[in-house]
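Read through the structure below, which is laid out as structure tokens, and then see the notes.
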Amino acid sequence: MADLTCSVNTCASHNGGYCCRRAIEIHGPGAAMKDETFCGSFLPRAEGEATNSVSSCHPNPTMEVHCTAGRCAYNEGGRCTAENVGISGGSAEVMQETLCDSFVLR
């Protein structure tokens, strides 16, 4: 499990710099740098929906991270072994506008 922070404030699962999911998926099967990765768990927040409007959205700072970025040094069998994972993308509208800041090429 990784300590995960997220700055994608347009994601429905974002709450206070964290994610509300139990696990996320990072995609980037051919990635050679972090700009070629993205959070496959991104779901755009509904228009007009406030950050904390969903009562079932509780921040989860520690979670499992599944990963298809096979060239990342932290990917072991499809699971991320990084202690700290950062997801960025600020005002992303689609998942491809997010990225894994923790990606390190093997």
Side-chain angles (χ1 to χ4, degrees):
M1 294 233 192
D3 288 337
L4 185 131
T5 57
C6 178
S7 67
V8 186
N9 54 22
T10 53
C11 181
S13 299
H14 179 268
N15 187 339
Y18 298 102
C19 183
C20 297
R21 295 175 163 270
R22 292 185 181 171
I24 65 165
E25 295 181 12
I26 300 299
H27 293 285
M33 58 184 168
K34 70 180 181 179
D35 293 349
E36 297 172 335
T37 65
F38 62 92
C39 180
S41 301
F42 172 85
L43 291 172
R45 185 179 310 281
E47 194 168 323
E49 183 180 341
T51 300
N52 295 324
S53 68
V54 181
S55 62
S56 63
C57 184
H58 301 287
N60 182 12
T62 305
M63 67 175 59
E64 191 166 329
V65 179
H66 304 275
C67 182
T68 67
R71 297 173 65 186
C72 181
Y74 296 117
N75 186 329
E76 288 188 18
R79 301 211 187 273
C80 180
T81 61
E83 288 184 30
N84 299 294
V85 175
I87 306 300
S88 63
S91 299
E93 294 180 12
V94 295
M95 66 179 64
Q96 289 82 0
E97 293 176 343
T98 66
L99 58 93
C100 178
D101 288 323
S102 304
F103 176 90
V104 175
L105 186 64
R106 287 182 209 249

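The figures that follow rest on heavy atoms only: side chains count, while hydrogens, waters and symmetry mates do not. All residue numbers refer to positions in the sequence shown, counting from 1.
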When you measure from the side chain of D101 to the backbone of I87, do you find a donor-acceptor pair of N or O atoms at a distance under 3.5 Å? no
Taking a hydrophobic cluster as the set of Ile, Leu, Val, Met, Phe, Trp and Tyr residues connected by side-chain heavy atoms closer than 4.5 Å, whether directly or through intermediates, do V8 and M95 fall within one such cluster? yes
Testing the basics here: between A12 and C57, what is the closest heavy-atom pair and its distance to 0.1 Å? O-SG, 4.2 Å
Answer yes or no: is there a donor N or O on one side and an acceptor on the other, between the side chain of R21 and the main chain of S41, under 3.5 Å? yes
For the backbone of S13 and the side chain of R45, can you confirm whether one donor and one acceptor N or O come within less than 3.5 Å of each other? no
Does T10 use its side chain to pair, donor to acceptor, with the backbone of P44 at less than 3.5 Å? no
Shortest non-hydrogen separation from E25 to H27 and the atoms involved: OE1-NE2, 3.4 Å
Closest approach of V85 to A2 (non-hydrogen atoms, all atoms of both residues): CG2-CB, 3.7 Å
Kindly indicate, with the supporting measurements, whether the criterion side chain to side chain contact (heavy atoms under 4.5 Å, CB included) is fulfilled by E76 and R79. CA-CA 5 Å; E76 288 188 18; R79 301 211 187 273; 5.7 Å; no
Check A32 against R71 and note the closest heavy-atom contact, atom names and distance. CB-NH1, 3.9 Å
Approximate separation, where rounding is to 0.5 Å, of F42 CZ and Q96 CD: 9.5 Å
Can you check whether C6's main-chain N or O pairs, donor with acceptor, with H14's side chain at less than 3.5 Å? yes
Which heavy-atom pair separates L4 from Y18 by the least distance, and what is that distance? O-CD2, 3.3 Å
Please confirm whether the backbone N or O of C72 pairs with a side-chain atom of R106, one donor and one acceptor, at under 3.5 Å? yes
Between F38 and M63, is there a shared hydrophobic cluster once you connect ILVMFWY residues whose side-chain heavy atoms come closer than 4.5 Å? yes
Would you confirm whether N15, through its side chain, and H58, through its main-chain N or O, come within 3.5 Å as a donor-acceptor pair? no
Just how far is it from atom CG of L105 to atom CD of E36, taken to the nearest 0.5 Å? 9.5 Å
Closest heavy-atom pair, S88 versus S7, reported as atoms and distance to 0.1 Å, is CA-OG, 3.3 Å
I24 CD1 to C67 SG distance, which is reported to the nearest 0.5 Å: 9.0 Å
Kindly indicate, with the supporting measurements, whether the criterion side chain to side chain contact (heavy atoms under 4.5 Å, CB included) is fulfilled by N75 and C80. CA-CA 5 Å; N75 186 329; C80 180; over 6 Å; no
Is the backbone N or O of G86 less than 3.5 Å from a side-chain atom of T5, with the two atoms forming a donor-acceptor pair by type? no
Does the SG-to-SG distance between C11 and C39 fall under 2.5 Å? no
Expected output: side-chain N60 to main-chain C19 donor-acceptor under 3.5 Å: no
Quick check against the 3.5 Å criterion: does T37 have a side-chain atom that pairs as donor or acceptor with the backbone of A69? no
I26 side chain near V65 side chain, heavy-atom distance below 4.5 Å: yes
